[in-house]
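I have placed the structure first, in the form of structure tokens, so that the comments after it can refer back to it.
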Amino acid sequence: MRYIGRFAPSPTGPLHAGSLVAALASWLDARAHNGQWLVRIEDTDTPRCVEGADQHILQQLAACRLVADGEPTWQSQRTHLYEKALTHLINKGWAYPCSCSRKEIEEVYASQGQGIARHSAAVYPGTCRDGLNGKPARAWRLNVQAVINDLHLPQTLQWHDRRMGPQQQNIAREVGDFVLKRADGLWAYQLAVVVDDADQGVTHVVRGEDLHDNTARQILLQTTLGLPTPIYMHTPLVLGEDGEKLSKQNGALALDVSDPLAALNRAAGGLGLKPHETSLNDALQDWTQEWLSNQTLF
Ligand code: GLU
């Protein structure tokens, strides 16, 4: 069976303990399938990117012997592909320009006596769906209901996660018309990731559980663009001492790879794999075997 997997870090800082778990899991899964493992630097959100973080991440992966099959790619060099996908969606009448700022969206909710919970994105109320009323276009959004109607898709999208089992989301109700190109002109993660996964022939996505909630939107976009849907698996998150998930945003420490075996042992522990004290190569080989015997691979 053809298998292409990938690790797709955003260069917003060096790898931390949590991101190494996702990197190791995707690497092991590719090895266990005799597949290819790609590395894609997701640097579309330029204001959040840190100079040199891409090279730092590649060095950290190399120190852990997680080396890509093929040259790494950078999303910033692939924007023509995102442009082409957006043009297609516009021509089909499935994407529309939006003039709303976050403040204006909040005001719509406030006028209905509702607030938006902190750190949660509001379901877009659809203000610009039927036209901009002379206001300037800022972002582009997917018209979720139009796509569902035109392609005769079910209102609730169902998908399967290899670790977490059956999943479902009513995108129109729970997320709304999501952004494809942002008001600041930058490409939205959802569009870029879908276009790249398909363009690179990715068959299996293995990534952290914090991205699980994006999957239904990505599957809908794949269907909309006529692209295949990969098989998904979301790996457990590494929690900090405070019980919160570790992330670059909450200041998780950069991964120390001066002792790569120790770093990998911690990541392997997060995946329920046995610790190894021998050599890096033996550890990676044994974990691949252990992964193979633990997982439902297909
Ligand atoms: N670039 C994303 C991140 O680092 C991951 C994207 C993905 O694996 O789909 O959060």
Side-chain angles (χ1 to χ4, degrees), residues 4-30 35-50 53-58 60-61 66 68 72-79 81-82 85 119 121 159 161-164 167 169 178-180 182 186-222 225 227-238 244-252 254-255 267 271:
I4 301 182
R6 57 32 163 215
F7 176 56
S10 303
T12 52
L15 289 184
H16 57 78
S19 34
L20 187 63
V21 174
L24 177 63
S26 62
W27 186 91
L28 288 174
D29 201 50
Q36 272 180 281
W37 186 70
L38 308 177
V39 172
R40 183 173 70 227
I41 304 289
E42 300 210 318
D43 57 346
T44 48
D45 191 353
T46 38
R48 286 184 55 232
C49 291
V50 171
D54 51 355
Q55 295 304 335
H56 193 161
I57 291 172
L58 294 173
Q60 289 174 305
L61 291 172
L66 305 179
T73 48
W74 275 257
Q75 285 192 322
S76 54
Q77 292 168 10
R78 302 166 62 83
T79 53
L81 296 175
Y82 316 143
H119 300 303
W159 59 280
D161 184 277
R162 282 166 59 203
R163 183 178 74 90
M164 301 169 73
Q167 309 291 319
Q169 190 173 52
F178 55 91
V179 171
L180 303 167
R182 297 170 15 174
L186 297 175
W187 292 100
Y189 159 63
Q190 311 295 353
L191 183 72
V193 81
V194 160
V195 168
D196 280 341
D197 281 342
D199 184 68
Q200 297 185 294
V202 169
T203 57
H204 290 67
V205 171
V206 177
R207 60 185 178 189
E209 198 180 314
D210 53 331
L211 292 161
H212 158 272
D213 189 46
N214 296 282
T215 310
R217 265 171 283 174
Q218 293 173 13
I219 294 174
L220 180 68
L221 261 184
Q222 287 150 3
L225 290 164
L227 302 173
T229 290
I231 293 168
Y232 286 95
M233 172 155 97
H234 291 85
T235 57
L237 295 183
V238 177
E244 292 286 311
K245 96 171 171 78
L246 277 188
S247 73
K248 292 168 205 164
Q249 280 70 37
N250 71 11
L255 188 73
L271 295 167

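Numbering of ligands and ligand atoms starts at 1, following listing order.
- Rounding to the nearest 0.5 Å gives a distance of 14.5 Å between CH2 of Trp74 and OG1 of Thr44.
- Ligand 1 has a nitrogen or oxygen under 3.5 angstrom from a nitrogen or oxygen of Glu42.
- Between Glu209 and Pro236, the shortest heavy-atom contact is OE1-CA, 4.1 Å.
- Asp213 and Gln169 form a side-chain donor-acceptor contact under 3.5 Å, judged by distance and modelled atom types alone.
- Less than 4.0 angstrom separates some heavy atom of Tyr189 from each of these atoms of ligand 1: 6 (C), 7 (C), 9 (O).
- An N or O contact shorter than 3.5 Å links Ala8 to ligand 1 by distance.
- Each of the following atoms of ligand 1 lies closer than 4.0 Å to a heavy atom of Val193: 9 (O).
- Listed by number with element, the atoms of ligand 1 under 4.0 angstrom from any heavy atom of Leu211 are 5 (C), 6 (C), 7 (C), 8 (O).
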How far apart are the C-alpha atoms of Trp37 and His204, what are their side-chain angles, what is the distance that settles it, and do they pass the ring-ring contact (aromatic ring centres under 6.0 Å, His included) test?
CA-CA 10 Å; Trp37 186 70; His204 290 67; over 10 Å; no
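- With contacts defined as side-chain heavy-atom distances shorter than 4.5 Å, the pair Thr73/Ile41 does not qualify.
- Interface of Arg6 with ligand 1, defined as ligand atoms under 4.0 Å from a residue heavy atom, comprises 7 (C), 8 (O), 9 (O).
- Residue-ligand proximity, Arg207 to ligand 1, at heavy-atom distances under 4.0 Å covers atoms 7 (C), 8 (O), 9 (O).
- Listed by atom number, the atoms of ligand 1 under 4.0 Å from Ser10 heavy atoms are 1 (N), 2 (C), 3 (C), 4 (O).
- A donor-acceptor pair shorter than 3.5 Å cannot be found between the side chains of Arg6 and Gln200.
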